[in-house]
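Below, chains carry the letters A, B, ... as their sequence lines are ordered, and counting in each starts from 1.
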Amino acid sequence: MRYCEACHISIEGSIEYCPLCQSRLSGEPEEDSYPILLPGRKPYRLVVRILAMITIIAAVVCAVVNLSLPQDGWWSLFVMAGLASAWLSLGMTIRRRRNPMKAALWHLGLVSVLLLLWDWFTGRRGWSIHFVLPVFYSCMQFAVAIAAWVLRLRPSDYMLYLLLCVLAGFLPLILLFCGLLQIMYPSAVCGGISVIFLAALLLFRGSALKNELARRLHL
Amino acid sequence: MKSKGSQRWWKLDNAAKIFPSSTSRHNSKVFRFVCELQENVDPQILQAALDQTVERFPIYRSVMKRGLFWYYLEDSTLRARVRSEDLPPCFPIYPSIRRGLLFRVLYYKKRIILEVYHALTDGAGALQFLRTLVCAYLLARFPDAFVPPYPTVLPDASEWQKQADSFQKYYEKPAGRRLYLPGNAYRMRGSRLPKNHLAVLEGQIPLAKALCCARERGITLTELMTAVLIRAIHERMSLRDMKKPVVISIPVNLRSYFPSKSARNFFATIQVSYDFSRQEDSLDAVAAHVRETFQSNLTKEYLRARINTLCALEHSIPLRLVPLPVKDIVLRIANLLAMRGVTSSFSNVGKVSMPPPMERMIRRFSVLTCAGVLQACACSYGESYVVSFAGPFREHEVERTFFRELAGLGLEIVLTTNFPSEGEVN
């Protein structure tokens with residue numbers, strides 16, 4: 001036990017100076033009651049930083065080349081938008097890395113928005129709502145259902161995410177019925193798949209679905 | 001697990017509802033109980049004891065999930081693992097990237113450490129868990145030391161009683177809505193320790209002598225400690241600071257006033273406010289004021305009114321209908337506003353008891369909490385009364401004045417700290 005003459009207080013451990021008044025302690029040191037903790041390392045941080053640096057260099061090089069050769073149009077903006085999209089997706093994956101279902105759902109939203117934006121800014125030809133989104137939504141339903149099955153997730157860990165993916169599959173159908181689409185079959189197929197998935201959920205996982213909704217929606 | 005479809009889940013209790021929204025990096029809302037034994041802890045036996053204990057407290061197996069309107073607890077299949085202490089005290093538990101249990105059990109040399117996220121339970125509830133754990137550990141560690149009937153600390157409570165939200169039981173709709181904003185209290189500032197580090201100072205005081213000191217003045221031990229704390233904070237205030245009062249928030253275990261065997265949150269806080277610009281700064285004057293506040297606030301009527309105010313928000317329909325992401329922001333701001341009205345807090349967990357045959361195997365219990373500012377906690381076990389300070393600051397002026405004043409009252413103090421023995425934490 002050590003002792004501080006100034007504070008008249010005994011101190012346990014091997015500390016050299018009084019924690020209160022910083023004067024030198026007398027007496028014999030003992031073993032500490034707390035471990036000495038070294039700052040933890042975050043192994044991926046450096047990798048992410050290097051990737052970010054490479055991205056910035058690539059974007060700057062493209063911009064500089066683009067400005068030096070103005071006859072090609074503003075193609076470097078597409079490169080930058082592409083890199084930004086990739087980073088958004090990567091960031092979301094890293095943030096949600098422990099919960100693949102949630103990551104999938106966030107991607108569903110993010111990719112939809114990005115596709116719409118790309119379509120809009122590259123001539124508004126409507127390829128996103130006619131083809132890509134219906135195909136994407138159909139695939140997502142299968143992907144989430146298969147992942148839940150392979151990972152042997154419990155209903156509470158996948159039910160809500162699967163349900164939301166299935167409901168997203170109805171969006172192309174809504175556009176179809178509103179008469180906004182000229183090409184119908186991709187959206188019709190996507191809607192059909194969603195109806196089948198929803199029916200399967202209700203028939204085979206009905207009570208789990210009900211329980212999950214009761215939990216998630218309790219007031 | 002009964003069947004795949006009917007997984008168990010629990011709504012958060014009234015006090016817990018605000019915690020997930022108001023948790024931040026500096027304010028992890030995690031508190032720690034430490035049981036120091038006479039000899040080193042055996043991790044394997046501790047793991048077996050932990051498995052047994054979790055069986056008795058099913059809610060400790062739950063994880064936090066987000067609903068559309070509220071957070072909730074859901075039963076999980078995760079197994080709690082004991083770990084050697086490898087994190088700073090009260091390291092954040094929720095939110096974390098990996099969805100995990102809301103408590104952790106650590107060990108270091110002679111210490112068994114239980115850290116709990118406040119949304120799961122309060123001090124009294126966690127203490128119930130720790131006592132059960134230590135009891136199971138000691139029974140397994142020294143099988144020959146005990147004879148049947150084996151000692152037990154399990155409360156005489158059914159599973160339902162342990163999981164009950166007692167706030168709901170004692171809530172009655174208040175006649176008028178009273179929403180008030182707290183006045184600004186003096187706030188301690190200082191340079192913070194890096195990351196989520198928490199500086200801990202535990203002072204062990206002989207209980208009998210401390211009780212004598214308090215009784216000489218005709219007050220209780222908690223009142224004495226609160227008064228000394230208020231005076232210690234006063235020491236570091238400038239004249240300008242003294243325009244604002246020192247407000248100490250004191251959590252009260254409502255189980256002592258309203259019958260409840262809940263192993264979840266059931267506490268309310270009372271506040272002692274002391275204005276040094278108007279009131280005297282002698283220990284006797286502060287102690288008298290603290291006593292007065294305690295006596296007027298620690299009554300069933302006052303606490304019932306507190307419960308009603310606390311629960312009224314949760315029962316208001318418009319607020320309930322607000323989606324969780326918005327609620328998060330609203331509750332975070334409300335919490336920040338409430339924090340402006342509080343300088344520090346002092347929570348006395350009270351006397352920890354263990355079955356008599358085990359008493360000589362345990363050296364002491366201590367408790368501490370992380371709430372973003374300097375906080376004091378206390379508990380007593382056997383002949384020792386341990387006051388622990390935990391704070392995010394590099395300076396320890398309040399602690400110095402506090403313990404020196406106690407030493408001046410003739411108490412022998414033994415300090416333990418987590419400060420490194422050489423150099424600074426950086």
Quick check on the interface: out of [options], who has the most heavy-atom pairs with chain A under 4.5 Å?
options                               : answer
B:Lys11, B:Glu399, B:Glu397           : B:Lys11
B:Arg111, B:Glu36, B:Glu412, B:Glu395 : B:Arg111
B:Gly408, B:Ser84, B:Gly67            : B:Gly67

Whatever's closer than 4.5 Å to a heavy atom in chain B on A:Met1 counts as side chain
Any ion pair linking B:Lys110 and A:Glu12 (charged N to carboxylate O, less than 4.0 Å)?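 Salt bridge absent between A:Glu12 and B:Lys110.
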Scan residues 82-112 of chain A for pairs that pass ring pair (Phe, Tyr, Trp, His ring centres under 6.0 Å), counting only residues two or more places apart or in two chains. none
Determine all donor-acceptor pairs shorter than 3.5 Å in which one atom belongs to a side chain in residues 136-151 of chain A; sequence neighbours excluded.
{"unit_1": "A:Tyr137", "atom_1": "OH", "unit_2": "A:Ser112", "atom_2": "OG", "d": "2.8"}
{"unit_1": "A:Ser138", "atom_1": "OG", "unit_2": "A:Pro134", "atom_2": "O", "d": "2.7"}
{"unit_1": "A:Gln141", "atom_1": "NE2", "unit_2": "A:Ser194", "atom_2": "OG", "d": "2.8"}

Interface residue of largest heavy-atom contact number with chain B, from [options], under 4.5 Å:
options                    : result
A:Arg98, A:His8, A:Met159  : A:Arg98
A:Glu31, A:Lys210, A:Arg95 : A:Glu31
A:Cys7, A:Ala214, A:Pro35  : A:Pro35

Can you tell me which portion of [X] sits under 4.5 Å from chain A's heavy atoms? Options are side chain, backbone, both or neither.
X        : result
B:Leu321 : both
B:Val34  : neither
B:Phe403 : both
B:Ile413 : both

Are B:Leu415 and A:Ser10 packed together at the side-chain level, in the sense that at least one heavy-atom pair is separated by less than 4.5 angstrom?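 With C-beta onward as the side chain, the pair stays apart.
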So do A:Arg154 and B:Ser76 actually touch side chain to side chain, heavy atoms under 4.5 Å?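 When only atoms from C-beta onward are counted, A:Arg154 and B:Ser76 do touch, with a gap below 4.5 Å.
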Counting a contact as any heavy-atom pair under 4.5 Å apart, which residues of residues 20-27 of chain A contact chain B?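 So the qualifying residues are A:Leu20, A:Cys21.
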Between A:Arg216 (side chain only) and B:Arg66 (backbone N and O only), is there a donor and an acceptor less than 3.5 Å apart? yes
Restricting to pairs with a member in residues 157-175 of chain A, which pass salt bridge (charged side-chain N to carboxylate O under 4.0 Å, His left out), not counting sequence neighbours? A:Asp157-B:Lys65, A:Asp157-B:Arg99
Atom pair [atom1] ([X]) and [atom2] ([Y]), whose distance is rounded to the nearest 0.5 Å:
X        : Y        : atom1 : atom2 : answer
B:Asn418 : A:Asp32  : CG    : CG    : 10.0 Å
A:Tyr34  : B:Lys109 : OH    : NZ    : 13.0 Å
B:Trp9   : A:Ser156 : CH2   : OG    : 12.5 Å

Please work out whether the ring planes of A:His218 and B:Tyr72 are parallel, tilted or perpendicular, with thresholds of 30° and 60°.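 Geometry flag for B:Tyr72 against A:His218: perpendicular rings.
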Should we count CD of B:Gln38 as having more than 12 external heavy atoms under 6.0 Å?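 Yes, CD of B:Gln38 has more than 12 neighbouring heavy atoms, counting only those of other groups under 6.0 Å.
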